[in-house]
**Student:** 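This structure is in structure tokens; I'll ask about it shortly.
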Amino acid sequence: MKAFISVFPVKGMRMGCVLGVVLGGILTSHVNAQEYPADSLKLINLNEVIVISTAKQLDHQKQRKPLSTLDEFLESSRSIKMVKRGAYAWEPIMNDMASERLAITIDGMQIFGACTDKMDPITSYVDVSNLSEAQIGSGQQGAAFGNTIGGGINLKLDKSNFKSTGWTGSLESAFESNNAMRVFGGELNYSDKQFYLNTDAIYRKADNYSAGGDEEVQFSQFEKYNFSVNAGYKLAEDKSVAATLIYDEAKDVGYPALTMDVSLARAVIGSVSFNQDTLFGNLSNWESKLYYNTIKHTMDDTKRPDVPIHMDMPGWSETAGFYSQANFNSAQNHFLFKMDGFYNKSYAEMTMYPNNSNEPLMFMLTWPDVRTKDVGFYAEDHIQFKKASLKLSTRLAYHSNTVADDFGLNSLKIFYPEMQKTNTRFLKSFSVQYHDMWKDFHFNTGVSYGERAPSVSEGYGFYLFNSFDNHDYIGDPGLNTESSTDVNLSVTFKKPIFEIAATANYFHIYNYIIGVVDSSLSTMTIGAEGVKIYTNLAYAQLFNTSLSGRYNISNAFKWTGQISYHRGIDNDGENLPLISPVSYRSAIDFYKNQFSASLSVDGAGEQTNYNAAYGETKTAAYATLSASFGKRFFVNENDLFVKAGIENLLDTKYSSYTDWNNIPRMGRNFYLTISYSIN
């Protein structure tokens with residue numbers, strides 16, 4: 001049974017309320033005292049862009065924690081939450097939907113993890129040091145990145161793009177006190193009008209972290225390297241070629257919320273692309289890319305004490321793909337056409353080693369070499385009116401899965417004797433988004449429909465143990481395609497010094513895929529409570545709403561805040577798992593004379609809408625307080641930037657609804673970042 005962790009919810013809620021009330025009072029008086037011209041910026045949809053790094057300019061003042069992990073950057077988003085199974089490789093959630101319902105790409109490349117337990121989400125194979133931004137599209141606004149229900153995330157690589165900067169470089173280092181994490185990184189770049197070369201390397205190593213109250217969380221260490229090269233060459237004034245290579249390796253990664261750790265997670269990601277600014281007629285910005293990536297992931301439990309039976313669980317994923325896209329612009333219409341496709345091989349196995357050496361090894365395929373082909377066409381038209389705009393988009397795709405391994409196929413046929421080796425689907429999505437302006441108000445509304453195929457685990461997984469609800473899971477190759485109709489609405493009141501936005505969306509998901517207990521089956525994992533089969537429910541419903549605001553108190557001070565509410569139920573009215581309770585965050589940021597500082601509070605209310613059938617227990621309310629201070633110095637013509645901060649200042653012991661098995665989060669943590677840029 002999970003522990004009910006005592007925190008300081010009342011104190012945190014009071015802190016957030018006092019901060020909001022005081023700033024709200026200041027805000028109201030200040031708005032009434034000043035008049036500003038109407039803002040001409042037109043919001044088109046609910047997309048969000050997280051600026052991760054503008055490292056070439058060493059513009060770290062914009063980040064509260066410059067060398068934090070990519071997981072921490074994504075968690076700062078208004079749209080994304082992260083499932084934590086340890087201190088490394090968190091899994092993104094958007095609109096209360098996890099990775100199988102999202103389209104996540106790196107620079108437009110489809111990449112699939114090799115772990116049956118989701119211990120290697122795509123976001124774990126890059127680092128903030130080689131990224132410029134995360135492009136986020138909610139619902140079908142993310143369909144440009146692939147078939148999706150919940151949305152899409154594209155992690156855009158940082159490139160010089162033929163800016164005449166010559167040679168530049170930087171060195172960066174950071175240290176965190178709680179888990180003694182050491183970070184060392186650097187980059188060397190050259191760029192002119194004909195050629196650019198960007199190189200980047202970073203190394204992170206962390207020991208076990210401590211939760212609030214100085215309680216050490218065992219098996220939470222990790223070590224990671226990341227190296228990347230981007231190069232581009234101009235063939236003519238409007239033609240260029242580019243190439244990318246990323247090598248990422250993590251080892252000795254502990255997962256305290258799981259029964260196994262990871263000895264190796266390695267990715268090699270490469271691409272070549274051709275770009276042409278003008279094609280013919282009104283076609284422009286033609287970009288075509290070929291890519292390939294290979295991932296190896298090895299789970300083992302060799303460092304765990306008292307293991308009843310030792311096991312290894314390696315997995316492999318290989319993906320080759322392409323996309324080609326171009327714009328077509330007229331006076332009123334702005335089209336984007338995109339053709340894309342990929343071929344993926346997913347293979348995972350498990351070997352159990354009995355304590356009695358005279359007994360034979362036990363072996364099975366948990367992913368039976370599933371070959372996935374997907375070819376899609378995406379088109380959107382952004383129609384501009386005088387004060388309004390309309391965005392129409394659609395995605396059509398052919399998707400097929402083939403079980404290539406006969407041993408794995410025969411294993412699945414024990415449960416599904418009539419199953420076919422290949423299963424094909426046609427996936428469709430449509431979206432209409434409308435935006436209008438009235439004085440300083442922006443109105444956005446839209447309706448969308450989208451479909452997705454079951455993931456490899458949902459369709460073909462074979463006795464995958466889920467430690468969250470302590471059940472073995474078996475896939476179903478005959479699952480129906482999951483589809484979703486969603487509507488969204490947002491209203492934004494925007495002034496130069498002030499902005500407040502209210503957003504809401506509702507998803508009605510048909511053939512919702514989730515594990516359901518089959519009491520006729522016996523468990524494979526020692527200690528498991530039962531076996532679940534991935535099944536289509538008739539439908540499920542998700543509702544998300546938030547209120548966010550920004551206020552420039554002065555030229556130096558800025559306040560931001562957000563509060564959100566989420567609800568998710570199935571067709572029987574039962575709570576869905578991993579649905580956020582009421583959560584909030586607020587911060588005051590200061591920047592003047594190259595000095596920056598921030599004070600922020602993050603928290604959530606008690607999780608009352610949980611479901612014990614999926615392994616959930618109630619998580620208590622919590623609030624944490626953090627602060628940071630930075631200063632930029634000029635050394636000759638180069639930049640030196642120093643930033644220090646404190647996270648979880650009150651050393652609160654807590655866990656959130658996304659913390660696997662309620663593993664406690666990090667306690668008080670001091671960090672220091674030093675960056676030196678040679679311009």
Side-chain angles (χ1 to χ4, degrees), residues 15-52 54 59-66 72-81 133-136 138 435 437-444 488-505 544-565 582-592 595-604 623-628 630 645:
M15 187 184 304
C17 293
V18 169
L19 189 61
V21 170
V22 170
L23 292 173
I26 297 173
L27 176 152
T28 304
S29 62
H30 203 96
V31 167
N32 291 335
Q34 301 182 50
E35 293 185 358
Y36 291 86
D39 179 22
S40 61
L41 180 63
K42 297 179 180 178
L43 300 179
I44 304 303
N45 50 46
L46 299 178
N47 285 2
E48 179 183 2
V49 174
I50 304 175
V51 177
I52 295 175
T54 51
D59 199 11
H60 291 101
Q61 294 90 337
K62 294 181 180 178
Q63 314 296 349
R64 297 197 182 106
K65 188 179 176 186
E72 292 172 296
F73 269 95
L74 292 178
E75 196 169 47
S76 68
S77 160
R78 296 193 306 269
S79 315
I80 297 177
K81 301 292 185 182
E133 62 188 33
Q135 302 168 326
I136 301 168
S138 176
H435 166 257
M437 290 180 62
W438 181 72
K439 295 184 178 179
D440 295 315
F441 287 92
H442 295 260
F443 300 93
N444 287 277
N488 60 73
L489 174 68
S490 73
V491 180
T492 304
F493 180 74
K494 192 169 185 178
K495 289 282 193 178
I497 67 162
F498 165 65
E499 177 181 328
I500 185 167
T503 67
N505 61 41
N544 308 289
T545 186
S546 68
L547 180 67
S548 60
R550 167 189 60 81
Y551 177 53
N552 296 339
I553 303 169
S554 68
N555 289 333
F557 284 97
K558 180 178 75 173
W559 169 81
T560 55
Q562 180 190 16
I563 184 168
S564 63
Y565 171 78
V582 173
S583 61
Y584 57 90
R585 62 178 52 164
S586 183
I588 294 178
D589 292 287
F590 171 84
Y591 179 72
K592 189 174 185 180
F595 179 81
S596 61
S598 71
L599 179 66
S600 62
V601 59
D602 285 83
T624 62
L625 187 65
S626 301
S628 67

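Values reported hereafter were calculated over all heavy atoms of this structure, with side chains retained and with hydrogens, waters and symmetry mates removed.
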**Student:** Do Arg78 side-chain atoms and Ser548 backbone N/O form a donor-acceptor pair below 3.5 Å?
**Tutor:** no
**Student:** List the steps and the verdict of salt bridge (charged side-chain N to carboxylate O under 4.0 Å, His left out) for Asp589 and Lys558.
**Tutor:** CA-CA 5 Å; Asp589 292 287; Lys558 180 178 75 173; 5.3 Å; no
**Student:** Just wondering, do Phe441 and Val491 contact through their side chains at under 4.5 Å, heavy atoms?
**Tutor:** yes
**Student:** Check whether any side-chain heavy atom of Phe557 lies under 4.5 Å from a side-chain heavy atom of Tyr591, and answer yes or no.
**Tutor:** no
**Student:** Starting at CG of Asn488, measure out to OG of Ser490 and round the result to the nearest 0.5 Å.
**Tutor:** 7.0 Å
**Student:** Contact between Asn505 and Ser138 at the side-chain level, heavy atoms closer than 4.5 Å - yes or no?
**Tutor:** yes
**Student:** Does a salt bridge link Lys65 with Glu72, judged by any charged N lying under 4.0 Å from a carboxylate O?
**Tutor:** yes
**Student:** Atom OG1 of Thr503 and atom CG of Asn444: how far apart are they, to the nearest 0.5 Å?
**Tutor:** 10.5 Å
**Student:** Tell me if a side-chain donor or acceptor on Ser564 pairs with a main-chain N or O of Thr545 at a distance below 3.5 Å.
**Tutor:** no
**Student:** Hey, are the side chains of Ser546 and Gln562 touching, using non-hydrogen atoms and a 4.5 Å cut-off?
**Tutor:** yes
**Student:** Can you confirm whether Ile500 sits close enough to Leu547 that some side-chain heavy atom of one is under 4.5 Å from a side-chain heavy atom of the other?
**Tutor:** yes
**Student:** Would you say the side-chain atoms of Ser586 pair up with the backbone N or O of Thr560, donor to acceptor, closer than 3.5 Å?
**Tutor:** yes
**Student:** Do you know which of His435, Lys494, Glu499 makes side chain to side chain donor-acceptor pair (under 3.5 Å) with His442?
**Tutor:** His435
